[in-house]
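In what follows, a structure is listed as structure tokens, so that the remarks can point back to it.
Numbering of ligands and ligand atoms starts at 1, following listing order. From a predicted model like this one, the values you see are computed outputs, not experimental measurements.
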Amino acid sequence: MLTNTQSFVEKAAQLILDSNYTCAFTGAGISAESGIPPFRGEGGLWSKYNPEVLEMNFFFAHPLASWTVIKEIFYNFFTGVSPNHAHLALADWEHKGYLQSLITQNIDQLHFKAGNKEVYSFHGNSSQLICISCHQSVEATPNLLSVLPPLCNICGCVLKPDFIFFGEGIPEEAYRQSVKAAQKSQLFFIIGTSGEVSPANQIPVIAKESGAVIIEINKDKSLYTNRISDFFIQGKAGDILPEINQFILQTKAKTL
Ligand code: NAD
Ligand code: ZN
């Protein structure tokens, strides 16, 4: 594993241009510059809240207590936030044919808002709520969340966000697509994720074992850094991704 930011940014640009299948795998860190705090690290949500609010047993036993925190950390933060330079760079890559798929652990919908289409939401999403009894799916509107806990209009049971809580299974289709994308990857970006959440943290390992070159962009070292990353570019995703874009433009200009 090599670390040397300047030349690796240039190297990343070259690898993107040479790759036939590139995939990005993102976590909470890519949304930090949009104003959404990650779980871990400095200013992380778990320094302020108890993670038990995202445990199914706690949710069933105390839906109001759980929802009060869930609304504050996910719905109040997420309303009105916009994609940052890192999200926009990934949308640009997909648009130009440099990025074939994007796997996100995030539930904030910012990759969709930025314009990416080929996105696999590994942990589900926050925009829909699902009834814990009849499984009806409804949009998470401010109106529905004005009285907590929100209730199903068909059976009256509690609605749960359609993202996964601790210990819940990964949505099947997203899991299948993510494994397939990791296996096909020639180039694989890890962006803004600590690698501490399982089984999501196995996806980059699958890419590595399938022969992909792994480029990691994180503010701090992660569980991947000394294990599977071929290049570790330390810094903010919102700075690094536009820099890579600059080098792509320069490299293309040289080869014209
Ligand atoms: P994490 O909180 O465990 O780790 C965040 C990582 O991002 C750290 O490694 C940190 O070094 C890095 N980071 C912080 N700011 C950065 C920046 N500006 N640029 C680049 N890197 C930066 O996040 P995780 O690994 O994604 O795991 C947490 C779980 O919680 C995931 O399932 C995640 O989806 C979920 N979560 C989602 C959101 C969201 O949707 N925005 C927010 C909080 C947590
Ligand atoms: Zn119902």
Side-chain angles (χ1 to χ4, degrees), residues 5 24-49 51 53-54 69-70 72-79 81-87 89-90 103-113 119-127 129-138 149-161 163-166 168 170-171 174 189-204 215-225 229 232-243:
T5 301
F25 174 76
T26 64
I30 197 168
S31 296
E33 291 163 77
S34 291
I36 304 174
F39 279 168
R40 298 171 187 80
E42 200 190 324
L45 292 169
W46 296 155
S47 58
K48 194 171 164 200
Y49 301 101
V53 296
L54 293 186
V69 179
I70 288 170
E72 190 181 333
I73 64 181
F74 294 116
Y75 292 92
N76 293 354
F77 272 133
F78 289 2
T79 317
V81 294
S82 307
N84 62 50
H85 291 305
H87 297 105
L90 291 179
I103 304 163
T104 189
Q105 298 165 84
N106 294 346
I107 55 172
D108 56 26
Q109 308 294 99
L110 287 180
H111 289 303
F112 293 104
K113 281 191 190 166
V119 181
Y120 311 136
S121 298
F122 204 81
H123 289 155
N125 70 80
S126 59
S127 64
L129 306 182
I130 189 149
C131 174
I132 57 172
S133 176
C134 75
H135 308 296
Q136 183 203 194
S137 177
V138 287
L151 301 176
C152 176
N153 65 1
I154 294 179
C155 73
C157 282
V158 172
L159 295 166
K160 172 192 168 291
F163 54 77
I164 61 161
F165 283 20
F166 293 123
E168 276 195 287
I170 305 302
F189 282 88
I190 295 172
I191 308 169
T193 174
S194 64
E196 289 187 32
V197 177
S198 175
N201 58 9
Q202 289 313 300
I203 296 295
I215 300 180
E216 177 186 345
I217 301 168
N218 257 328
K219 213 171 81 173
D220 312 300
K221 282 187 177 175
S222 72
L223 293 183
Y224 303 114
T225 313
S229 298
F232 173 52
I233 306 177
Q234 187 161 18
K236 290 184 177 179
D239 295 335
I240 308 284
L241 289 174
E243 281 173 30

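Ala200 does not count as a contact of ligand 1, since none of its heavy atoms falls under 4.0 Å from the ligand. Contact between Glu33 and ligand 1 is present, with at least one heavy atom of the residue lying under 4.0 Å from the ligand. Under a 4.0 Å heavy-atom criterion, Pro37 is in contact with ligand 1.
For ligand 1, the polar-atom distance check against Ser222 finds no nitrogen or oxygen pair separated by under 3.5 Å. Taking any N or O of Phe39, backbone or side chain, at least one lies under 3.5 Å from an N or O belonging to ligand 1. The shortest N or O to N or O distance between Ala237 and ligand 1 is under 3.5 Å.
Contacts with ligand 1 closer than 4.0 Å are made by side-chain heavy atoms of Ser31 only, the backbone lying farther away. By the criterion of a heavy-atom distance under 4.0 Å, the side chain of His123, and not its backbone, is placed next to ligand 1. By the criterion of a heavy-atom distance under 4.0 Å, both the backbone and the side chain of Ile107 are placed next to ligand 1. Contacts between Thr193 and ligand 1 below 4.0 angstrom, taking non-hydrogen atoms only, involve backbone and side chain alike.
Ion pairing between Glu33 and Lys219 fails under the 4.0 Å rule for side-chain N and carboxylate O.
The aromatic rings of His111 and His87 sit perpendicular to each other, their planes meeting at more than 60°, with 30° as the lower class boundary. Using bins of under 30°, 30° to 60° and over 60° for the plane-to-plane angle, the ring pair Phe74/Phe39 lands in the perpendicular bin.
With respect to atom 14 (C) of ligand 1, the closest heavy atom belonging to the protein is Gly29 CA, 3.7 Å. Ranking protein heavy atoms by distance to atom 12 (C) of ligand 1, first place goes to Asn218 OD1, 3.6 Å.
No close placement of the Phe25 and Phe122 rings is indicated, their centers lying 6.0 Å or farther apart.
Vertex the Zn ion (ligand 2); arms to Cys131 SG and Cys134 SG; angle rounded to 10 degrees, 110°.
Distance alone, capped at 3.5 Å, is enough to place a donor-acceptor pair between the Asn106 side chain and the Ala28 backbone. Checking side-chain atoms of Ser126 against main-chain N and O of Ile107 turns up a donor-acceptor pair under 3.5 Å.
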